[in-house]
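The next block holds one structure in the form of structure tokens; read it before the comments.
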Amino acid sequence: NGYWTQFKARLVEANEHIPHGIRYNLSLHDGNDLRIVGYDNAHGYQPKKKRYKAKKTTWDHIHKRNKTYSYEFDSAPQLIGDFWNTVQEFI
């Protein structure tokens with residue numbers, strides 16, 4: 001139906017934003033090249049403030065259409081599995 005995926009990943013020196021040392025961008029696009037789903041850590045993401053919680057900036061996150069959500073990176077295989085599960089939700 002015109003959907004396509006793109007995977008980009010590379011090893012980087014681990015740092016406070018990317019402690020696992022993998023910079024990644026996995027995305028699902030429709031036939032008009034519009035990104036529908038994206039898992040990435042290309043930039044910081046500030047989750048919505050929660051009452052009585054400390055402020056936290058994370059770099060691992062998910063884009064679902066026009067909304068962004070935190071993502072807890074565990075491992076590369078888990079990331080790929082989570083991505084394909086999310087793709088199935090949208091297709």
Side-chain angles (χ1 to χ4, degrees):
N1 293 329
Y3 293 105
W4 58 277
T5 58
Q6 178 175 308
F7 284 36
K8 293 181 180 179
R10 64 184 169 119
L11 292 175
V12 296
E13 189 171 327
N15 61 54
E16 68 177 299
H17 302 297
I18 305 174
H20 43 71
I22 302 171
R23 187 170 193 115
Y24 62 88
N25 183 344
L26 287 62
S27 55
L28 169 70
H29 303 260
D30 67 13
N32 297 316
D33 294 337
L34 180 67
R35 181 181 66 184
I36 299 170
V37 174
Y39 280 61
D40 74 84
N41 62 356
H43 55 86
Y45 163 67
Q46 181 70 45
K48 289 184 179 182
K49 291 181 183 178
K50 293 184 179 178
R51 196 171 193 180
Y52 308 116
K53 295 279 183 173
K55 184 176 173 182
K56 178 183 176 188
T57 299
T58 181
W59 281 47
D60 296 295
H61 58 276
I62 306 168
H63 299 273
K64 292 182 179 179
R65 297 203 186 270
N66 296 326
K67 295 185 178 180
T68 307
Y69 306 90
S70 293
Y71 177 72
E72 191 69 36
F73 182 94
D74 182 52
S75 67
Q78 182 68 43
L79 169 68
I80 293 169
D82 290 344
F83 172 76
W84 285 121
N85 287 336
T86 303
V87 166
Q88 289 300 316
E89 292 174 15
F90 280 88
I91 292 186

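For the single chain, residues carry numbers from 1 onward in sequence order.
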To the nearest 0.5 Å, what is the distance between CZ on F90 and CD on Q88?
12.0 Å

Provide the full list of side-chain hydrogen bond (donor to acceptor under 3.5 Å, both in side chains) pairs with a residue in residues 1-11, sequence neighbours left out, each pair given once.
W4-D33

Measure from the side-chain N and O atoms of Y39 to the backbone N and O of D82, and report whether any donor-acceptor pair falls under 3.5 Å.
yes

Are side-chain heavy atoms of V87 and I36 found at a separation under 4.5 Å?
no

Taking D30 for its side chain and L34 for its backbone only, find out whether a donor-acceptor pair lies under 3.5 Å.
yes

Measure from the side-chain N and O atoms of N25 to the backbone N and O of D40, and report whether any donor-acceptor pair falls under 3.5 Å.
no

Quick one, E89 with K64, criterion side-chain contact (heavy atoms from CB on, under 4.5 Å). Give me CA distance, side-chain angles, the key distance, then yes/no.
CA-CA 11 Å; E89 292 174 15; K64 292 182 179 179; 3.9 Å; yes

Give a yes or no on whether I22 and V12 share a hydrophobic cluster (residues Ile, Leu, Val, Met, Phe, Trp, Tyr; joining criterion: side-chain heavy atoms under 4.5 Å apart).
no

What are the two closest heavy atoms between P19 and A14, and how far apart are they?
O-CB, 3.4 Å

Closest approach of A42 and R23, non-hydrogen atoms and distance?
O-NH2, 2.9 Å

Looking only at the side chains, is there a donor atom on one of H20 and D74 sitting less than 3.5 Å from an acceptor on the other?
no

Looking only at non-hydrogen atoms, find the nearest pair between L79 and Y71 and report the distance.
CA-OH, 3.3 Å

Atom CD1 of I62 and atom CG of L26: how far apart are they, to the nearest 0.5 Å?
11.0 Å

Same cluster or not: I18 versus Y24, using hydrophobic residues (I, L, V, M, F, W, Y) connected whenever any side-chain heavy atoms lie under 4.5 Å apart?
no

Would a distance-only check, ignoring hydrogens and angles, find a side-chain to backbone donor-acceptor pair under 3.5 Å from N41 to F73?
no

Quick one: list whatever passes ring pair (Phe, Tyr, Trp, His ring centres under 6.0 Å) with F7, sequence neighbours left out.
F83, W84

Between H63 and H61, how do the two ring planes meet: parallel, tilted or perpendicular, split at 30° and 60°?
perpendicular

